[in-house]
Structure formats: structure tokens, C-alpha cells
Protein chains: 2
Amino acid sequence: MNIRILCLGILSFREASGYEIKKEIEEGMFSHFIDASFGSIYPALSQLNAEGLVTVRAEEQTGRPDKKVYAVTEQGREALAKGLLVIPARDKYKSEFLFEMLFKAMLPEAHVRLAIEKQLHDLKDDLLRMHECRQLGQVDQGSEFIMGYGEAVLSAGARYLEDRLAELQPKPAIAAE
Amino acid sequence: MNIRILCLGILSFREASGYEIKKEIEEGMFSHFIDASFGSIYPALSQLNAEGLVTVRAEEQTGRPDKKVYAVTEQGREALAKGLLVIPARDKYKSEFLFEMLFKAMLPEAHVRLAIEKQLHDLKDDLLRMHECRQLGQVDQGSEFIMGYGEAVLSAGARYLEDRLAELQPKPAIAAE
DNA sequence: GTGAACATGTAACAAGTTACATGATTGA
DNA sequence: TCAATCATGTAACTTGTTACATGTTCAC
């Protein structure tokens, strides 16, 4: 799954600029399983345009570059449909947190606590974002499915961490690492 | 978290060759949150050796290249300890599966079923590997923690998918996409 | 008046994977 | 006899990120 299909997918819901696509990836409900930077989005959009899979329309703005609004073409929709019919590759999951916890026994407890708290914060942050999307978004079949999955997985992780935290020595009043 | 620290970490449990490290990453209990190929492991080990963080000992073998057994040095342990004291970066999770499911409504149901079944299979595969490691391995504090986390998260995902599968139209006797 | 949000784009860089090169042994 | 396992290593390639370049407006 490359950035090209990702852009086509997002544009299939509504037309958008590169900037808006980035925002959607960061703040939308995909954020916990997708990533992309400007350095990959802008070139991808130019390329899609060159191939006729999207069209561009420049919206004039005062004091900043024209906003280039991209929209998917019929060819683009076909390319997307084709791209979606591939059985997806295995999930890729990388966790420095879990790797660190493997050496839990040799780390200061204060550090372990901090690391767990940070991980818990990250999980809750993702959960919160999803709840927000639920409230102010159009939740169709697909988004309902992925949010349900995300909530199941993230909240299971959060519950586990909360239980482990509770088992740790009581938190000192003033913590310092 | 780069491959260097990963190698140091694995070597801190026991000495091993590059080949064995790769196997551990693939089949050990880290497999679901860590990845590495020979192309990154071998150069990392040479580099660590050049820096004095590991030592090498060549074990002669008949009919195949000498097995280079690496062991971490005192300096290496210090470098590892230092590397572990950094608050871990946010988890990176990429899922083509979830991205595809976002377009669930426009995909043939047979394909959706296949994709879900494949994802379920992947999750169960990871769970199974962990159970195996539990049985034949030394489960210390750290591995207990990460396996507990993995089991919590993976089984929550699996449960969700099983529920969704049950809601789908009953499976045709002979399925074809 | 300082930083964030808006808005696009490129070039240099990082980090890793894939494919190639080599070759014996073992089990199905 | 065919694939897998053992065993190392390099070079080419992918894919993407980070930093730079540029500039306005708005909120605190």
C-alpha cells in the first residue's frame, strides 16, 4: 500500500489539497495505522495528475500559494478499486516501547513507570481522536469497522497497562527520574 | 530504535550468530513488533564489532561458512543500558488491512471475508507463537510483560474480527472470489 | 512579537529491503 | 528431486523522512 493509493482513497471521499490530505492522515481516524509526510504526498499527487488519475484546480488565495485542489477521475476510481482487490499485506507493527520493556528488570523503576505512562498516553490519545471523529463525522460501514477494530485493540492495550501500573510501587509524591 | 541496539539486546541474553539473531526475530516472541533482514543485521554486527561493543569468535563448520558467534562486551552492555534509557518513540503501526476495510462498502463481500479471515489468521499466528515461547522459554519479568501486552492486544483484535465474521452472510459451501 | 496554521515544493539523507553471489546438507 | 535450513555477505534499490526555501495571517 503506497502513498499513491492512499491519496486516491482519501480523494475518493472528497476532493482535497495536499495540505488537507496530510491533515486528514494526522487528525483523521486513520492516524493510528497510516503515516505520510509532505515530502511523499506532494510528489505522489503530481504523479497521479500526470497519469490522469486525478485532476487539479487551482484556488487563488491572497498572501499564500494557490491551493491546489485535487479530485479523483474515473480512471482514478478504477485504479483504486483495482488496488483494493489485492489481499492486504501483513500488518507492520514496530514498538520501541515493547522492546524496552523486555529489559524491564534491568531498568530503574522510575523509568519503567514513565515509559508505561507515555505509552498509555499515546493509546488514549488515539482513542480520543477516534471518539472525536465518531461525533463529528459521517460514520459509514467502513469507518465503523475500522474504528471498532481500533477501539478494541487500543483499549485492550490501555487496560493492560493500567493494571500493570497499579501493580507498581505506589507513585512517589514528587517523581524525578 | 535501530538494528544496532536490537542486536545488542538479543546478544545480552545469549551469544549468537547473525543467522540466529534473524531466527530469533522471526520466530521469537518479538516477531510481532520487530523486523529485520540479513541485509541490515550483518552490517550492524560488523559495525558493533569494529566499535568494540561485541566480540566475534569463528566456529568452524564443514561444508558451510564459519559460524561467527557474537558476544556482547562490557562496553556493549553499557551502550545498551544507555540506549534503553531513552523514552521510546511512539509505536509505528501500518495496516493495509484496515485501509482496505475503510472501503468495505464498495468491495465484493467475498473479498471482504477473505481479507478478514487472513487478518484473523495472522493474529492467531502471532498468538500461537507466543504461547509456544511461553512453554519452551525462560519467561522472565520482561518477556512476561511484553507477552501479556501482546496477548491482550492481539486477542482483542481477533475477538472483534470473529464477531464481525459471524455477522456476515453465511459462508457459501464453495467459496470463490 | 512569537508561534501556529495555512500552503507548496525539492533535495539531501536515512534506514532499511530485495536480489544476488555461493554452496553443503537434510528431509519429504 | 525439490524445497528448506544452514551460513555469510554486498550492492542496488525502495520508500520514505527531514530539512530547507518562501511567505502571510491570525491568535495570544
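Residue numbers begin at 1 in each chain, while the letters A, B, ... track the order of the sequences.
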Between P of C/dT17 and CD1 of B/Ile34, the distance in whole Å: 12 Å
Rounded distance (Å) that lies between atom P of C/dT8 and atom CG of A/Asp66: 9 Å
A/Lys22 NZ to C/dA4 C1', straight-line distance once rounded to whole Å: 13 Å
Distance in angstrom units between B/Asn49 CG and D/dG9 P, rounded: 10 Å
Sidechain N-carboxylate O distance under 4.0 Å for A/Lys124, A/Glu162: yes
Joint cluster assignment, B/Tyr42 & B/Leu53, ILVMFWY side-chain distance < 4.5 Å: no
Phosphate contact (C/dT8 OP1 or OP2) by A/Ser17 side-chain N/O below 4.0 Å: yes
Closest listed nucleotide, where the reference is the side chain of A/Lys68 and the choices are C/dG9, C/dC6, D/dG9: C/dG9
Distance, rounded to the nearest Å, where A/Ile41 contributes CD1 and D/dG16 contributes C1': 11 Å
Min side-chain heavy-atom separation A/Glu74-A/Glu78 under 4.5 Å: yes
Check: B/His111 side chain, A/Leu84 main-chain N or O, donor-acceptor pair, under 3.5 Å: yes
Selection from D/dT17, D/dT10, C/dT17 that lies nearest to any side-chain heavy atom of B/Asp35: C/dT17
For residues 33-41 of chain B, dump all side-chain donor-acceptor pairs below 3.5 Å to protein atoms at least two apart in sequence or in another chain.
from	atom 1	to	atom 2	distance (Å)
B/Ser40	OG	B/Ser37	N	3.4
B/Ser40	OG	B/Ser37	O	2.9

Contact nearer the 5' end of DNA chain D, comparing B/Lys23 with B/Lys94: B/Lys23
Distance-only polar pair, side chains of B/Lys104 and A/Gln141, donor-acceptor under 3.5 Å: yes
Side chain proximity check, A/Tyr149 to B/Gln119, heavy atoms < 4.5 angstrom: yes
Degree of bending, the helix from C/dG1-D/dC28 to C/dA28-D/dT1 (end axes from five pairs; round to 10°): 50°
B/Tyr42 OH to C/dT18 C1', straight-line distance once rounded to whole Å: 15 Å
Nucleotide of C/dG16, D/dA7, C/dT8 approaching A/Lys67 most closely (side-chain heavy atoms): C/dT8
B/Tyr19 vs D/dC6: side-chain N/O to OP1/OP2 distance below 4.0 Å: yes
Closest nucleotide among D/dT17, C/dT8, D/dG16 to the A/Ser37 side chain: D/dT17
Nucleotide C/dA15, atom P - distance to CG of B/Leu6 in whole Å: 14 Å
Whole-Å gap separating C1' (C/dT17) and CD (B/Glu26): 13 Å
Under-4.0 Å side-chain N/O to phosphate OP1/OP2 contact, B/Gln61 with D/dA7: yes
